[in-house]
Undergrad: 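This structure is in structure tokens; I'll ask about it shortly.
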2 protein chains.
Amino acid sequence: MPVDQPWEIPLVAVAVDLAILTVRSGRLEILLVRRGIEPYLGSLALPGGFLASPEEDLDAAAARELTEETGLAAKGLHLEQLGAYGAPDRDPRGRVVTVCYLALMPDLPLPVAGGDARSAEWVPVQRVLRRRAGVAFDHAKIIKDAVERARSKLEYTTLATAFCSPEFSVSELRRVYEIVWGQPIDPRNFHRKVTSIEDFLVPTGKYTTRDGGRPAALYRRGSATLLHPAILRNGTGRRQLARLRQAR
Amino acid sequence: MPVDQPWEIPLVAVAVDLAILTVRSGRLEILLVRRGIEPYLGSLALPGGFLASPEEDLDAAAARELTEETGLAAKGLHLEQLGAYGAPDRDPRGRVVTVCYLALMPDLPLPVAGGDARSAEWVPVQRVLRRRAGVAFDHAKIIKDAVERARSKLEYTTLATAFCSPEFSVSELRRVYEIVWGQPIDPRNFHRKVTSIEDFLVPTGKYTTRDGGRPAALYRRGSATLLHPAILRNGTGRRQLARLRQAR
DNA sequence: CCAAAAGTGTTATTAATACACCCATGC
DNA sequence: GCATGGGTGTATTAATAACACTTTTGG
């Protein structure tokens, strides 16, 4: 915080970037835009931009960008701050500190036509994480952080439902977990677990057969936000670690 | 991220603030400084300051401030980014975005003499959270976030050891949990749990009687950073909730 | 009929909790 | 001796995991 010298304070440009994740065609994907100007012309980058005015709030800027990029009202979508990225050399044009936000959304048909929506496209995060898709600036690191944040929040919050449409079946919810975590989950134990957590899922009374087989009950998000007990990823528990150790 | 107009980009002042927590005299306390200038002259505030130069990295600025305020090398202390705070009206002097960092340290005698170290003092966080101590700017909110971050990280990481001196007993570690979480923990179950987690605590072979009673084995931090299974706070689990519900 | 997915029951193992009890020191 | 805290044992209960089995649809 400000202490003395109200002069010689370096001023920097502040940008707000968005890591918008969705589960689509069986994969975790992120919305990236093709850059139309230098630097990194033609590269993929996170959608975002500088503050629109010196008075714009960071959260408001993130919500504005989200609407601009997806055409959707930010209201109803999950949007949380991921962190600030401010390495001095991260932008060749000069000092830019970016505050990045994480957004989660279901697989919606994007009316990608809004003012700023240039060539936005969904890119599988694996392509970015495995360096198959080069992304501009330090965005690969940001995307890595965003994915890890999403992965860990599925464990102890009800956020997985943010990837689902308003009405979803237990197996659709399970597929979200499986895709985000990249590992299979026992359908039977999962069903029991999520339906027994209070206020996590509220039955709509409706059923669907869109996944084939016996009709599945449809649920809406409940009011719970924290999961107790948590739904833990395999591979991080002690038992799993011991198993891995044994298997060499 | 930068899209078009390389002009008319609002420039803002970027500050780096520190929420330095420690466990001291049986309480969780935070290092605050008494402001010597307007605004909020005379109020308590988080230590911090503007970037020293347009080239300074955010993490480096946080480490520099930490050293300036505590006289301690940032190396060895836990320092992580908490988030960016950028409400447009948070500083009456104009637009300031602050990137806040969380630092945890043991109860060390601070050689508070370093250049910038004005009147730094340890303040019990309860005094701030309960609005007994007015703090400048939006720092009450930042402190609230810092404490909540610390509390939740004790659950699933080995961070509690950051509050302990290099060699500590199990009960000293337990006291950290009890103080940060504000609730008693069964000493016997705690002992068993922490000593059974691999690479959490490494025995030094030494013993101490500084807490009275039978000599306690001294440990150093192990290499583990994540706890599996986690050490869960009471009051958040299902059983506890059910109990509370029953008790009305 | 069969395939496929939904959902229930059962059992074994692991972890959390509560608490009885013994141990090793200072005084 | 006694008080104090360190540390182990054990029984109960809850959560996890593995998997057999039944249900209900589409074709």
Side-chain angles (χ1 to χ4, degrees), chain A residues 26 155-156 167-175 177-178 181 183-198 200-201 203-219 227-246, chain B residues 26 155-156 167-178 181 183-198 200-201 203-219 227-244 246:
Chain A
E155 291 198 332
Y156 60 94
E167 303 200 338
F168 54 92
S169 67
V170 169
S171 65
E172 283 159 1
L173 181 65
R174 174 170 51 84
R175 236 152 275 144
Y177 276 91
E178 291 179 326
W181 286 348
Q183 64 182 217
I185 296 173
D186 185 295
R188 298 156 297 184
N189 292 335
F190 182 83
H191 186 281
R192 203 189 338 254
K193 180 140 55 175
V194 295
T195 52
S196 71
I197 295 173
E198 250 176 295
F200 185 15
L201 305 180
T204 61
K206 294 192 234 166
Y207 291 83
T208 183
T209 56
R210 61 191 177 219
D211 298 313
R214 171 175 167 180
L218 286 174
Y219 296 87
L227 290 181
H228 285 288
I231 302 175
L232 294 173
R233 283 182 263 193
N234 285 335
T236 55
R238 303 181 83 201
R239 199 177 315 176
Q240 228 67 21
L241 289 175
R243 200 166 297 171
L244 287 173
R245 239 186 302 261
Q246 280 216 329
Chain B
E155 291 197 335
Y156 59 94
E167 303 200 337
F168 54 91
S169 67
V170 170
S171 65
E172 284 159 1
L173 181 65
R174 174 170 52 82
R175 236 153 273 144
V176 166
Y177 276 91
E178 292 179 326
W181 286 347
Q183 63 181 218
I185 296 173
D186 186 294
R188 300 156 295 183
N189 291 335
F190 182 84
H191 186 280
R192 204 190 339 252
K193 181 140 54 175
V194 296
T195 52
S196 70
I197 294 173
E198 251 176 291
F200 185 14
L201 306 180
T204 61
K206 295 193 233 166
Y207 290 84
T208 182
T209 57
R210 61 191 176 218
D211 297 314
R214 170 174 167 182
L218 286 174
Y219 297 87
L227 290 181
H228 285 287
I231 302 175
L232 294 174
R233 283 183 263 193
N234 286 334
T236 55
R238 301 181 85 201
R239 198 177 316 178
Q240 228 68 20
L241 289 176
R243 199 168 297 172
L244 286 174
Q246 280 217 328

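Residue numbers start from 1 in every chain, and the chains themselves are labelled A, B, ... in the order their sequence lines are given, proteins ahead of strands.
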Undergrad: Roughly how many Å is it from CZ in B:R233 to P in C:dT17, rounded to a whole number?
TA: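 These atoms are roughly 14 Å apart.
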
Undergrad: State which residues pass salt bridge (charged side-chain N to carboxylate O under 4.0 Å, His left out) with A:R214; sequence neighbours excluded, sorted by chain then number.
TA: none

Undergrad: Nearest whole angstrom, please: distance from the P of C:dA5 to the CG of A:L218.
TA: 16 Å

Undergrad: Any chance you could measure B:H191, atom NE2, to B:S169, atom OG, to the nearest 0.5 Å?
TA: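 Going from NE2 on B:H191 over to OG on B:S169, the span is 9.0 Å.
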
Undergrad: My understanding is that only residues two or more places apart in sequence, or in another chain, count here; which of them pass ring-ring contact (aromatic ring centres under 6.0 Å, His included) with B:F190?
TA: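 Residues passing ring-ring contact (aromatic ring centres under 6.0 Å, His included) with B:F190: B:Y177.
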
Undergrad: State which residues pass side-chain contact (heavy atoms from CB on, under 4.5 Å) with A:T204; sequence neighbours excluded, sorted by chain then number.
TA: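 For A:T204 the side-chain contact (heavy atoms from CB on, under 4.5 Å) partners, ignoring immediate neighbours, are A:E167, A:K206, A:L218, A:R220.
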
Undergrad: From A:R233 CZ over to B:H228 NE2, what is the distance, rounded to the nearest 0.5 angstrom?
TA: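 Result: 8.0 Å between the selected atoms.
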
Undergrad: Using atom CZ of B:F190 as one end and atom C1' of C:dA18 as the other, report the distance to the nearest whole Å.
TA: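 About 17 Å, once rounded to whole Å.
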
Undergrad: Could you check how far CG of A:D186 sits from C1' of D:dA20, rounded to whole Å?
TA: 12 Å

Undergrad: Please report the closest heavy-atom contact between B:E155 and B:A230, naming both atoms and the distance.
TA: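 For B:E155 and B:A230, the tightest heavy-atom pair comes out as O-CB, 3.2 Å.
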
Undergrad: May I have the distance from A:I197 (atom CD1) to D:dA15 (atom P), rounded to whole angstrom?
TA: 10 Å

Undergrad: Separation of B:I231 atom CD1 from C:dT17 atom C1', in whole Å?
TA: 15 Å

Undergrad: Under 3.5 Å, which protein N or O atoms sit close to an N or O of nucleotides 24-27 of chain C? Give each pair with its distance.
TA:
none

Undergrad: Enumerate all atom pairs, one protein N or O and one N or O from nucleotides 9-11 of chain C, separated by less than 3.5 Å.
TA:
residue : atom : partner : partner atom : Å
C:dG9   : N7   : A:R192  : NH1          : 3.0
C:dG9   : O6   : A:R192  : NH2          : 2.8

Undergrad: Quickly work out the A:I185 CD1 to C:dA5 C1' distance and round it to whole Å.
TA: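 Interatomic distance, CD1 of A:I185 to C1' of C:dA5: 16 Å.
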
Undergrad: Taking the side chain of A:P229 as heavy atoms from C-beta outward, which of C:dA6, D:dT16, D:dG6 is closest to it?
TA: D:dT16

Undergrad: Got a sec, which residues hit salt bridge (charged side-chain N to carboxylate O under 4.0 Å, His left out) with B:R192, two or more places apart in sequence or on another chain?
TA: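 Testing B:R192 for salt bridge (charged side-chain N to carboxylate O under 4.0 Å, His left out), a comparison that skips the adjacent residues, returns none.
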
Undergrad: Among residues 170-178 of chain B, which ones have heavy-atom contacts with DNA chain C below 4.0 Å?
TA: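 Close to the strand, none.
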
Undergrad: Residues in side-chain contact (heavy atoms from CB on, under 4.5 Å) with B:P215, at least two apart?
TA: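 side-chain contact (heavy atoms from CB on, under 4.5 Å) check on B:P215 returns B:Y207, B:T209.
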
Undergrad: Does C:dA6 have its OP1 or OP2 closer than 4.0 Å to a side-chain nitrogen or oxygen of A:H191?
TA: no

Undergrad: Between D:dA15 atom C1' and B:L232 atom CG, what is the distance in whole Å?
TA: 12 Å

Undergrad: Please tell me if the side chains of B:F168 and B:L201 come closer than 4.5 Å, counting only heavy atoms from C-beta onward.
TA: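 Sidechains of B:L201 and B:F168: in contact.
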
Undergrad: Stepwise, does the side chain to side chain contact (heavy atoms under 4.5 Å, CB included) test hold for A:I231 with A:I185?
TA: CA-CA 11 Å; A:I231 302 175; A:I185 296 173; 5.8 Å; no

Undergrad: Does A:D211 have any side chain to side chain donor-acceptor pair (under 3.5 Å) partners at least two apart in sequence or in another chain, and if so, which?
TA: none

